[in-house]
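Only one structure is covered here, and it is reproduced in the block below.
Numbering starts at 1 and runs along the sequence shown. As the structure is a prediction and not an experimental result, all values here were calculated from the model.
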Amino acid sequence: MDTEKYKILLKTIETGSLSDAADALGYTPSGVSRAISSLEEESDIILLNRTHSGVTPTKECEELLPAIIKIVRQEEEFNQMASQLKGLEKGEIVIGTAYNNFYPQLSKLIYDFTRKYPDINVSIVEGTSSQLVKMVENNAADFCVVSKRKGQYHWVHILEDELVAWVSKNSPYAQKDYFNIKDFEKEPFIDVYTGQETDNSLFFEEKKIKPNVKYRTHDPYSAYAMVEAGLGVTLMNKIWSQSVGDNVVMLPLNQPQMINIGIAMQSEGNASPAAKRFIQFTSEHKFLA
């Protein structure tokens, strides 16, 4: 089985571009295109939607992705185990976080880890908590700092956070002690990660609130700037306040919503040798502290 073609397909989906995937893997764009076309011929399934703006997986490809990821990860695990038997420490681990606040700690941890295990490569991925948890469940990621979600993975609690409203300092709300969640339905709302499952979307669904969405962004820093400019209000995890300035007011909600933040990781039985090394290293260096 030619897993290299699967790796090319996964990198192309990750980058959304044949040329970017080629650059990342050391191929030519035509070589990447031929590999994917070969997979499509072998499976008799169109795997990518090709447009001028890039490529995206087809519906059929999305259904196949968990199996493809599993094949690639199993080959990687085989290679890691073979290296262990030869007394070597090799492999690759994938680490992610839904919160920029943890990058300094993770970066220090990765630095120390790679000094001890220089032949274990580390990849960093970004995404929402739901996206990263799904990656852990599909064996596409090993260790992610996220909000807790339902699923099959090992969970280690770090802290309890809360959702807060961000309002402009010039807003009448700035003088209040809390933000009434019903006001999200009348005030211009800045939606972050539109269309994706987030702590916000789960909260609104639970409370049966339909926010008055006027602006959309996939960047919390952009949402902060829009709130600061007085364009509207938004709902964010309080932990984000550590990554932004102090030019907006962050109000507790009249119906408080607490969020469990922790580490979603592979269970010991599913973790690759390299991932086990990293998890053990994390525990020894008191990352959770």
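One hydrophobic cluster holds both Val55 and Tyr27 under the rule that ILVMFWY side chains link at heavy-atom gaps under 4.5 Å. Put simply, Tyr99 and Val164 are part of the same group of oily side chains (I, L, V, M, F, W, Y) that touch within less than 4.5 Å, one to the next. Placement of Val156 and Val136 in two distinct hydrophobic clusters is found when ILVMFWY residues are connected by side-chain heavy-atom separations under 4.5 Å, directly or transitively. When the side chains of ILVMFWY residues are joined at heavy-atom separations under 4.5 Å, either directly or via intervening members, Tyr153 and Leu202 end up in two distinct hydrophobic clusters. Hydrophobic clustering (ILVMFWY, side-chain heavy atoms < 4.5 Å, transitive): Leu64 and Met135 are in distinct clusters.
The shortest distance between side-chain heavy atoms of Pro66 and Lys70 does not fall below 4.5 Å. Taking 4.5 Å as the limit, some side-chain heavy atom of Val122 sits within range of a side-chain heavy atom of Ile124. Contact check for Leu39 versus Tyr6: side-chain heavy atoms found under the 4.5 Å cut-off. Counting heavy atoms from C-beta on, the side chains of Lys148 and His157 never come closer than 4.5 Å. Under the 4.5 Å side-chain criterion, counting only non-hydrogen atoms from C-beta, Asn254 is not in contact with Phe179. Counting only heavy atoms from C-beta outward, the side chains of Ile36 and Ile8 approach each other to under 4.5 Å. Using a 4.5 Å heavy-atom cutoff, the side chains of Leu251 and Tyr173 are in contact. Considering only heavy atoms from C-beta on, Leu109 stays 4.5 Å or farther from Phe102 through its side chain.
Crowding of Lys169 atom NZ: a count of heavy atoms from other residues, nucleotides or ligands under 6.0 Å exceeding 12. Heavy-atom contacts from other residues, nucleotides or ligands closer than 6.0 Å to NZ of Lys238 number 12 or fewer. Dense packing is recorded around CD of Glu160, with more than 12 heavy atoms of other residues, nucleotides or ligands lying under 6.0 Å away. A 6.0 Å sphere centred on CD of Glu205 holds no more than 12 heavy atoms belonging to other residues, nucleotides or ligands. Counting heavy-atom neighbours within 6.0 Å of Glu60 CD, excluding the residue itself, gives a total above 12.
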Margin query: Go through it in stages, so that I can follow the logic: the residues are Glu162 and Gln257, the test is side chain to side chain donor-acceptor pair (under 3.5 Å), and I'd like the CA-CA distance, side-chain angles, deciding distance and then a yes or no.
Written below: CA-CA 6 Å; Glu162 68 175 312; Gln257 181 76 2; over 6 Å; no

Item checked: salt bridge (Lys or Arg N to Asp or Glu O under 4.0 Å) between Arg50 and Glu40, intermediate numbers included -> CA-CA 13 Å; Arg50 297 165 171 83; Glu40 290 178 328; 3.2 Å; yes

Next item on the list: Take Val146 and Arg149 through the test side-chain contact (heavy atoms from CB on, under 4.5 Å) and record every step on the way to the result.
Entry: CA-CA 8 Å; Val146 294; Arg149 295 285 188 267; over 6 Å; no

Check: Does the side-chain contact (heavy atoms from CB on, under 4.5 Å) test come out yes or no for Val249 and Trp166, once each step is laid out?
Finding: CA-CA 6 Å; Val249 176; Trp166 287 5; over 6 Å; no

Item checked: CA sep, side-chain torsions, deciding dist, call: Phe203, Leu253, side-chain contact (heavy atoms from CB on, under 4.5 Å) -> CA-CA 12 Å; Phe203 173 74; Leu253 306 178; 3.7 Å; yes

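A salt bridge links Lys134 with Glu137; the closest basic N to acidic carboxylate O contact falls under 4.0 Å. Look at Asp142 and Arg73 and you find a salt bridge, because one of the NZ, NE, NH1 or NH2 atoms lies within 4.0 Å of a carboxylate O, short of that distance. Between Asp23 and Lys11 there is no salt bridge, since no side-chain nitrogen of the basic residue lies less than 4.0 Å from a carboxylate oxygen of the acidic one. A salt bridge does not link Glu92 with Lys7: none of the charged nitrogens is closer than 4.0 Å to a carboxylate oxygen.
Looking at every heavy atom in both residues, Ser147 comes nearest to Ser129 through N-OG, 2.8 Å. Between Lys5 and Ser38, the shortest heavy-atom contact is NZ-OG, 2.6 Å. When every heavy atom of Ala141 is checked against every heavy atom of Gln266, the shortest pair comes out as O-NE2, 2.9 Å. Here the closest non-hydrogen pair linking Lys150 and Val133 is O-CG1, 4.5 Å. Between Val145 and Leu132, the shortest heavy-atom contact is O-CD1, 4.5 Å. Closest of all the heavy-atom pairs between Pro57 and Asn49 is O-ND2, 3.4 Å.
Residue pairs satisfying the salt bridge (charged side-chain N to carboxylate O under 4.0 Å, His left out) criterion with at least one member in residues 97-113, sequence neighbours excluded, are listed as follows: Lys108-Asp112. Residue pairs meeting the salt bridge (charged side-chain N to carboxylate O under 4.0 Å, His left out) criterion with at least one partner in residues 176-194, sequence neighbours excluded, are Asp183-Lys186.
For Phe278, the ring pair (Phe, Tyr, Trp, His ring centres under 6.0 Å) test picks out Phe113, Phe143, with sequence neighbours left out. Residues passing the ring pair (Phe, Tyr, Trp, His ring centres under 6.0 Å) test with His218, sequence neighbours excluded: Tyr193. Partners of Phe204 under the ring pair (Phe, Tyr, Trp, His ring centres under 6.0 Å) rule, at least two apart in sequence or in another chain, are Phe184, Phe189.
If you look at Trp240 and Tyr221, their ring centroids are closer than 6.0 Å.
The main-chain N or O of Ile110 is found under 3.5 Å from a side-chain atom of Thr114 such that the two form a donor-acceptor pair. In this structure, the side chain of Gln131 engages the main chain of Thr128 through a donor-acceptor pair within 3.5 Å. Judged purely by atom type and a 3.5 angstrom limit, Ser171 has no side-chain atom pairing as donor or acceptor with the backbone of Val167. Side chain of Thr28 to main chain of Gly31: a donor-acceptor pair is present (N/O by atom type, distance under 3.5 Å, no hydrogens or angles).
Remark: Thr56 OG1 to Ile13 CD1 distance equals 9.0 Å, nearest 0.5 Å. The line from OG of Ser272 to NZ of Lys276 is 8.5 Å long, rounded to the nearest 0.5 Å. Atom OG1 in Thr58 sits 7.5 Å away from atom CD in Glu62 (nearest 0.5 Å). From Leu65, atom CG reaches atom CG of Leu10 across 6.5 Å, with rounding to the nearest 0.5 Å. To the nearest 0.5 Å, atoms CG (Asn100) and CD1 (Ile239) are separated by 10.0 Å. Between the CZ atom in Arg277 and the CD1 atom in Ile279 there is a gap of 12.0 Å [rounded to 0.5 Å].
No side-chain donor from either of Gln255 and Tyr178 sits under 3.5 Å from a side-chain acceptor of the other. Side-chain N/O atoms of Ser19 and Ser17 include a donor and acceptor closer than 3.5 Å.
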Side-chain donor-acceptor pairs under 3.5 Å in residues 228-236, sequence neighbours left out?
from	atom 1	to	atom 2	distance (Å)
Glu228	OE2	Asn247	ND2	3.0
Thr234	OG1	Ile190	O	2.6

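Each of Asn200, Asp199, Asn101 was checked for a side chain to side chain donor-acceptor pair (under 3.5 Å) with Asn237, and the lone residue meeting it is Asp199.
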